[in-house]
Protein chains: 2
Amino acid sequence: MLGMLPRAVAAPITEAWPFAAIPQGWTAMKLETVDIRQAASAADIVYEALRKAIIEGDLAEGENLRQDQIALMFNTSRIPVREALSRLEQNGLITTQRYKGAVVAGLSIEEIEEIFEFRALIEAEVIRLAVPKLTGKTLDAARRHCQAFDSEANSAMWGEINRNFHYSLYEAARRPYYLQIVRASLDRIDRYLRAQLTLTNGMSRARREHKGILDACIAGDADKAAELTRDHILGAGRALVTFLEETRGRND
Amino acid sequence: MLGMLPRAVAAPITEAWPFAAIPQGWTAMKLETVDIRQAASAADIVYEALRKAIIEGDLAEGENLRQDQIALMFNTSRIPVREALSRLEQNGLITTQRYKGAVVAGLSIEEIEEIFEFRALIEAEVIRLAVPKLTGKTLDAARRHCQAFDSEANSAMWGEINRNFHYSLYEAARRPYYLQIVRASLDRIDRYLRAQLTLTNGMSRARREHKGILDACIAGDADKAAELTRDHILGAGRALVTFLEETRGRND
DNA sequence: AGATTGTATATTGGATCCGATGTTTCTATG
DNA sequence: CATAGAAACATCGGATCCAATATACAATCT
């Protein structure tokens, strides 16, 4: 499996990670979180690692991304790094300027509001399509993910658990294109959500609403599950916006 | 303006285009269709040109895309070409395999159905949001695009006119993220739509439905405009699917 | 002193070269 | 003559080198 990749890139997985070469603030990025076996090229690894680091908030908004530094980190040349950065820009996660470099993209409050509105529309529809196709197995998985909220104390994992819960239900809709869009939308705002969830106590409400959605799914009530999902997302969006308005000014 | 770009890439615009270097079947691709001034790099130009060629059907489904051939076409090296191909793959327009190359991605009938269903959901909502914000100016523009259907005999232009009509209304919603998604969705299925429109006489119905949507917009009836848009897209999807089922088998 | 210009450094985008691997063709042998 | 193995060819991903440009800072002029 690993042999499929250039050795220089795969090496950090098994050997010691060259932390000394990493610029300040970068040590939090862990390559172990990237599934090497699914990567076809070094650019895939760099892309996935950077994407994770951005959506998890390890790379702060506005942080400079220097090609040669990243190349050094991944023990590769700048070519795969550029390809990864180009893809990240395509997805709106970073912005680049010629001869000046790339920075992690920030979102204005208006943009965040739009994305939540959009997510509410899509995800409500996805769950409506999913409910009639739910099996006992997928419901069990959703139940487990729902309970994982209660047992997980590490707030850094909440974002991941949140995704797992929703996706476990969404998968049943068998709409890969919808899910791809949902994933991209969540990527954009995930780090803001994580910050808000850990700093405020928005988790208790999320737990309650998740239980409600799950119950509607178990009852087979597609319309109710859709409405609850819609309210859940819009409510989370409103909470996030008020949180951000306190943190930063209205114009940002 | 042009000076912002490496000379070798910008050259074909003003000087003679090296058609001799282009492999067979490629002469239909015209660089003039790409707005050079908005491109920050050669990769942007290659990306836009290939994207246009794919969505307009100039590059057939399954067609091989060789890096060095494309690089020859654009009078550049393979590096920007690879970046462009990587971005196209991210958007699902092509698929690549190591050491084997890239091919224009094809969609199964199920995937096409899903995308139309998705578009109906999003675009209906976009027009619902747009109607209250429509001004006389944007309505005039939409009216002009709607009439352009009647006067345009060149069927190759219908796809472009269709986009212009819908987008002129959608813009008023002031939802850039929605529009970005709409654009990406349309990119995926546009070439199939174009083929179907020119080979069947689906244009008359499209004309009629466009007029209905426009009238609802003029009347300020957001719900009706949304419903008509939804029906318009779903109807076009059904027509396309039956067309494709006749052309190819159900499994493809 | 402040503004302006010139130079050194940093950083990006692109070209060329190289190694790895898939594909095709040709030859040798049963 | 058919088939298996080898060799030539094609193609891709990555590394290294080079050109263009932005920024920072020092030197110079008013």
Side-chain angles (χ1 to χ4, degrees), chain A residues 1-12 21 23-24 36-50 62-90 94-104, chain B residues 1-12 18 21 23-24 36 38-50 62-90 94-104:
Chain A
M1 298 287 188
L2 284 173
M4 282 170 33
L5 294 169
R7 196 196 147 280
V9 173
Q24 78 288 359
I36 296 289
R37 290 161 303 180
Q38 288 200 3
S41 66
D44 293 345
I45 297 176
V46 178
Y47 172 79
E48 272 303 321
L50 288 176
E63 177 143 2
N64 262 301
L65 302 176
R66 291 285 142 73
Q67 292 180 0
D68 47 4
Q69 286 183 349
I70 299 170
L72 201 61
M73 269 193 71
F74 287 91
N75 196 18
T76 176
S77 83
R78 277 172 38 227
I79 299 286
V81 174
R82 274 171 51 185
E83 208 178 296
L85 291 177
S86 149
R87 280 194 254 169
L88 288 168
E89 187 176 23
Q90 186 88 30
I94 65 171
T95 59
T96 67
Q97 252 190 312
R98 196 179 174 118
Y99 305 119
K100 291 186 71 175
V103 293
V104 178
Chain B
M1 297 287 188
L2 285 173
M4 281 169 36
L5 294 168
R7 196 195 147 280
V9 174
Q24 78 289 356
I36 296 288
Q38 290 199 2
S41 67
D44 293 345
I45 297 175
V46 177
Y47 172 79
E48 272 302 322
L50 288 176
E63 177 143 1
N64 262 299
L65 301 176
R66 291 284 142 74
Q67 291 180 1
D68 47 5
Q69 285 183 349
I70 299 171
L72 201 60
M73 270 192 70
F74 287 93
N75 196 17
T76 177
S77 83
R78 277 171 39 224
I79 299 286
V81 174
R82 274 170 50 185
E83 208 178 295
L85 291 178
S86 150
R87 280 195 252 169
L88 288 168
E89 187 176 22
Q90 186 89 29
I94 65 172
T95 58
T96 67
Q97 250 189 314
R98 198 177 172 122
Y99 306 120
K100 293 187 68 174
V103 293
V104 178

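Quick note: numbers below take in every heavy atom, side chains included, and nothing from hydrogens, waters or symmetry partners.
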Give me, pair by pair, the N or O atoms of the protein and of nucleotides 5-8 of chain D that are less than 3.5 Å apart, along with how far apart they are.
none

Give every pair of a protein N or O atom and an N or O atom of nucleotides 6-12 of chain C that lie under 3.5 Å apart, one pair per line with the distance.
{"unit_1": "dT11(C)", "atom_1": "OP1", "unit_2": "R66(A)", "atom_2": "NH1", "d": "2.8"}
{"unit_1": "dT12(C)", "atom_1": "OP1", "unit_2": "Q67(A)", "atom_2": "N", "d": "3.1"}

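When all heavy atoms of V46(B) and V81(B) are compared, the closest pair comes out as CG1-CA, 4.3 Å.
With sequence neighbours excluded, the residues forming a side chain to side chain contact (heavy atoms under 4.5 Å, CB included) with V103(A) are N64(A), T95(A), listed by chain and number. Checked against side chain to side chain donor-acceptor pair (under 3.5 Å), S77(B) has no partners two or more places apart in sequence or in another chain. Among residues two or more places apart in sequence or in another chain, the side chain to side chain contact (heavy atoms under 4.5 Å, CB included) test is passed with A43(B) by S41(B), P80(B), E83(B), R87(B). Applying the side chain to side chain contact (heavy atoms under 4.5 Å, CB included) test to Q97(B) and every residue at least two apart in sequence or in another chain returns K100(B).
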For L88(B) and Y47(B), what are the C-alpha separation, side-chain angles and deciding distance, and is it a side chain to side chain contact (heavy atoms under 4.5 Å, CB included)? CA-CA 7 Å; L88(B) 288 168; Y47(B) 172 79; 3.6 Å; yes
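The CD atom of Q67(A) sits 9.0 Å away from atom OG1 of T96(A), with the distance rounded to the nearest 0.5 Å.
Atom-to-atom, CG of D44(A) to P of dC12(D) comes out at 16 Å; the value is rounded to the nearest Å. As rounded to whole Å, 17 Å separates atom P of dG13(C) from atom OH of Y47(B). Straight-line distance from the CD atom of E83(B) to the C1' atom of dG14(D): 14 Å, rounded to whole Å. Rounding to whole angstrom units, CD1 of residue I79(B) and P of dC12(D) are separated by 12 Å. When the P atom of dG14(C) is taken as reference, atom CG of L85(A) falls 14 Å away, rounded to whole Å. Look at CD on E89(A): it is 13 Å from C1' on dG13(C), rounded to the nearest Å.
OP1 and OP2 of dC12(D) both lie 4.0 Å or more from every side-chain N or O belonging to S41(A).
With a 4.5 Å cut-off on side-chain heavy atoms, L85(B) and L50(B) count as touching.
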